[in-house]
Amino acid sequence: PFQMALIAAAPANLQGRLMKPKIEADLQPQMFAQVLTPQKAAVVRETMSTVTEESGGTGGRVKAKLAGTGIVTGGKTGTAEKDGVPAYDRNGKRVMVTKRKKNEAGEWVNYEEPVFRRRTDGWFICIAPLENPTLAIAVVIEDIGGGYGGTTAAPIAADVILKARELGL
């Protein structure tokens with residue numbers, strides 16, 4: 001998520017610069033690399049706005065949550081599937097399956113093997129406010145089951161934007 005927020009921040013800074021991450025408030029911003037021209041950064045911001053601001057955009061829940069605030073955003077939704085994730089039961093115990101094989105003596109023996117499954121994660125990255133972004137946010141919701149990034153992660157990003165506004169950010 002941190003790297004995805006950095007990616008969202010490149011077009012957000014209006015100059016297309018990938019900045020070095022920092023957490024110290026007293027450090028001056030430093031550029032890591034120029035990744036987009038200012039013109040391309042503007043195109044990316046405009047494209048991101050279609051996700052959250054246009055009718056039918058996959059991040060439309062952000063606009064709905066921010067209705068009446070005057071905050072315009074841009075974003076990108078995503079849903080990622082990951083194979084080979086260990087399976088756990090409701091008690092947090094690893095799910096195992098009993099199998100049989102022949103040992104060196106030719107006798108059948110039982111053994112335990114872990115169960116793996118496919119996991120679906122919902123993603124959303126966004127920038128706000130769109131006209132002069134000061135926030136770059138990335139949200140991932142692991143193991144969403146039957147949802148998508150736009151329905152699971154995007155509303156959380158909208159809540160972060162609302163909280164930042166409340167804090168004067």
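No experiment lies behind these values; they were computed from the predicted model shown.
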With sequence neighbours left out, write down each residue that passes side chain to side chain donor-acceptor pair (under 3.5 Å) with [X], or none if nothing qualifies.
| X | answer |
| --- | --- |
| Asp121 | Arg119 |
| Glu104 | none |
| Thr58 | Thr77 |
| Lys101 | none |

> Do you reckon Met19 sits in the same ILVMFWY cluster as Leu14, going by side-chain contacts under 4.5 Å, direct or chained?
Replying inline: no
> How would you list, by chain and number, every residue that makes a side chain to side chain contact (heavy atoms under 4.5 Å, CB included) with Pro114, sequence neighbours excluded?
Replying inline: Arg94, Met96, Phe116
When Ile, Leu, Val, Met, Phe, Trp and Tyr are grouped by side-chain heavy atoms lying under 4.5 Å apart, directly or through other members, which residues fall in the same group as [X]?
| X | result |
| --- | --- |
| Leu18 | Phe2, Leu6, Phe32, Val35, Leu36, Val44, Met48, Val72, Ile127, Leu130 |
| Trp108 | none |
| Met4 | Ile7, Trp123, Ile125, Val140 |
| Val97 | Val95, Val115 |

> Any donor and acceptor pair, going by atom type alone, linking the side chain of Thr151 with main-chain N or O of Gly147 inside 3.5 Å?
Replying inline: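 Checked: no pair found.
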>> Could you check whether any side-chain N or O of Thr52 sits under 3.5 Å from a backbone N or O of Thr73, counting only pairs where one atom can act as donor and the other as acceptor?
In response: yes
> Can you name the salt bridge (charged side-chain N to carboxylate O under 4.0 Å, His left out) partners of Lys63, sequence neighbours left out?
Replying inline: none
> Can you list the residues that meet the salt bridge (charged side-chain N to carboxylate O under 4.0 Å, His left out) rule with Glu166, with sequence neighbours excluded?
Replying inline: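 Counting only residues at least two positions away or on another chain, Glu166 forms a salt bridge (charged side-chain N to carboxylate O under 4.0 Å, His left out) with Lys163.
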> Would you call Asp143 and Arg118 a salt bridge, using N to O less than 4.0 angstrom?
Replying inline: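 No.
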> Out of curiosity, Met31 CE to Arg17 CZ, how far, rounded to the nearest 0.5 Å?
Replying inline: 5.5 Å
For a quick test of your reading: what N or O donor-acceptor pairs under 3.5 Å do the side chains of residues 21-30 make, sequence neighbours left out?
from, atom 1, to, atom 2, distance (Å)
Lys22, NZ, Glu24, O, 3.2
Lys22, NZ, Leu27, O, 3.0

> Side chains of Ser49 and Glu54: is there a donor and an acceptor less than 3.5 Å apart?
Replying inline: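 Looking only at side-chain atoms, Glu54 and Ser49 do not form any donor-acceptor pair under 3.5 Å.
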